[in-house]
Structures are given as structure tokens and as C-alpha cells.
Amino acid sequence: GGRCVDTTRDPALVLERARLAWRVGNRDDARASLRALSRRGCPLALQVEAEVLHATMASERGEPDVAKRHLERARSRAEQSGDGESLAQVLRRLGTLEARAGRPRRAAGAYRAALGALERVGKLRDASLETTLVANLATMESWLGNLDEAERLYRVALERRRDRPIERLNTLAALALLSAARGEREQRRA
């Protein structure tokens, strides 16, 4: 017969069980797995991932303040671990949360901090992360009315997206919208 694997001894498996439960809509099991994970010592990297999952679940429930608290804890743990790429991922999520809350200055600050964290990283596990951050920062700069900086950043993202057709089209669309905004601004001045 088959042998049942006791995943409670391996924190990585407990976290994976929480993710799977969340994906299939079993929120109670996801929360129970995360609670079990918090009761045991586990590596900082797993703590970061657990806090990000907590934040994702809070966002889904419409609790942005709770999500932000979890992301701040994830940020602190990522800083402690010295994993610049994980820190950048957390900061990207914080930036997105701030953007959704209508706080483009804070979002831009989070995206800049994420790019700064990536500058200290050698080879990235996720090569598209930096380009995504550049494009997100470009969007915030456009929201803030810094159209020249937004255009410069979108062009950087466009150059890096040569082999990613959908992202490239999205960036071209953003540049077209930026050009239209510039035209409207010029008409108002005239």
C-alpha cells in the first residue's frame, strides 16, 4: 500500500500545502497551514513567502491594510535574509498595493527601492522582474505628471521586451497613451 507523507515536519511542504489550498479555494485550510507554519521555526525565505501569501489572501478578502502589514513583515524578513530578489518582489507588491490605493508617489518609491535592491543582485532568478518594475515605475511617473521620465522608462522597458510580444504591445500602448496625454497638455497650454 501507499505511504502517507507527513508534511508537517517540512515547513516548505506546509507552505506549499497552504498555497495549493488557497488556489483551489479552500481558504480555511490555507489559513490553518499558515498558522501551523507560524508556530514552528522556519527559514527566513519561507517566512517571506508565507507573509506574501497572507498578503495575497488579505487582498483577495478586500483588506488592503492587513495585506500591507503582511507585506511590511515580508519586507523586513527579506531584508534580514539578504535576498535582494525576494526583497524586490515584496517591494513590487507593496508598490502595486499603493498604486491601487491611489498613492502613486508611495508606489513609485517602492518600485525605485525594488530596482535598487536588484542592482545589488547578480544573476536574477526572474529576469522579467526588473523590466516589470521599470514599466510600473513609468506608469507611476505618468500618473505624477512626469511625462518625460515616464517616456524614458517605457522606452527602456520596450527595449527589454523584444522577445515578449504581449508585454511589448502593452508598453507600446502605454507610450501611445502618454503621447496623447502630452498632446492634451500642449493643447491646454495653447
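Numbering starts at 1 and runs along the sequence shown. No experiment lies behind these values; they were computed from the predicted model shown.
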Check your understanding: Taking it one step at a time, do R160 and E130 satisfy side-chain contact (heavy atoms from CB on, under 4.5 Å)?
Key -> CA-CA 9 Å; R160 294 178 181 177; E130 186 173 17; 3.3 Å; yes

Working note: V66 + R69, criterion side-chain contact (heavy atoms from CB on, under 4.5 Å); need CA distance, chi angles, decisive distance, verdict. CA-CA 5 Å; V66 173; R69 281 195 303 274; 3.2 Å; yes

Pair T132-R161, side-chain contact (heavy atoms from CB on, under 4.5 Å): steps then yes or no
CA-CA 10 Å; T132 299; R161 290 179 162 168; 4.1 Å; yes

*asked:* As a quick check of understanding, evaluate side-chain contact (heavy atoms from CB on, under 4.5 Å) for D10 and V14, giving each step before the final call.
replied: CA-CA 6 Å; D10 184 345; V14 175; over 6 Å; no

- Could you walk me through whether E98 and R105 pass salt bridge (charged side-chain N to carboxylate O under 4.0 Å, His left out), step by step? CA-CA 8 Å; E98 295 292 3; R105 217 173 287 297; over 6 Å; no

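The pair R182-E151 meets the salt-bridge criterion, since a charged nitrogen lies less than 4.0 angstrom from a carboxylate oxygen. A salt bridge is absent between R75 and E51: the closest approach of a Lys/Arg side-chain nitrogen to an acidic carboxylate oxygen does not fall below 4.0 angstrom. Salt bridge annotation for E49-R19: present, with a cationic side-chain nitrogen under 4.0 angstrom from a carboxylate oxygen.
Counting only N and O atoms by type, the side chains of D83 and S81 include no donor and acceptor under 3.5 Å apart.
The backbone N or O of A135 sits less than 3.5 Å from a side-chain atom of T139, completing a donor-acceptor pair. A donor-acceptor pair is defined here as one N or O able to donate and one able to accept, closer than 3.5 Å; such a pair exists between the side chain of S59 and the backbone of A55. A donor-acceptor pair under 3.5 Å links the side-chain atoms of Q47 to the main chain of C42, judged by distance alone.
Under the 4.5 Å side-chain criterion, counting only non-hydrogen atoms from C-beta, S128 is in contact with R164. Within the 4.5 Å cutoff, side-chain heavy atoms of R93 are placed close to those of T56.
Applying the ring pair (Phe, Tyr, Trp, His ring centres under 6.0 Å) test to residues at least two apart or on different chains, the pairs with a partner in residues 61-117 are H54-H70.
Residue E85 holds its CD atom at 6.5 Å from CG of L118, rounded to the nearest 0.5 Å. Note: L137 CG to L115 CG = 6.5 Å, rounded to the nearest 0.5 Å. Rounding to the nearest 0.5 angstrom, the gap separating the CZ atom in R155 from the CG atom in L153 is 11.5 Å. Rounding to the nearest 0.5 angstrom, the gap separating the CG atom in L46 from the CD atom in E16 is 10.0 Å. L87 CG to R77 CZ: the interatomic distance, rounded to the nearest 0.5 Å, is 14.0 Å. Within the model, atoms CZ of R92 and CG of D126 stand 8.5 Å from one another, a figure rounded to the nearest 0.5 Å.
Taking both residues in full, the closest heavy atoms of A21 and D29 are given as CB-CB, 3.8 Å, listed atom of the first, atom of the second, then distance. Contact between A107 and A99 at its shortest, heavy atoms only, is CB-N, 3.7 Å. Contact between P104 and L144 at its shortest, heavy atoms only, is CG-CD2, 3.8 Å. The minimum heavy-atom distance between A150 and S142, with the atom names listed, is CB-N, 3.6 Å. Across all their heavy atoms, A88 and L129 have their closest contact at CB-CD2, 4.0 Å.
Counting non-hydrogen atoms of other residues, nucleotides and ligands closer than 6.0 Å to CZ of R125 gives a total above 12.
The hydrophobic clustering, which links ILVMFWY residues whose side-chain heavy atoms are closer than 4.5 Å, places L133 and V156 together. Clustering ILVMFWY residues whenever any of their side-chain heavy atoms sit less than 4.5 angstrom apart, transitively, puts W22 in a cluster other than the one holding V48. Grouping the Ile, Leu, Val, Met, Phe, Trp and Tyr side chains by contacts below 4.5 angstrom, directly or via other members, places Y154 apart from M140. Linking Ile, Leu, Val, Met, Phe, Trp and Tyr residues whenever their side-chain heavy atoms come within less than 4.5 Å places L172 and L178 in a single cluster. W143 and L94 are assigned to two separate hydrophobic clusters, defined by single-linkage of ILVMFWY side chains at heavy-atom distances under 4.5 Å.
Not counting sequence neighbours, the partners of R31 by the side chain to side chain contact (heavy atoms under 4.5 Å, CB included) test are R27, D28, R35, M57, R61.
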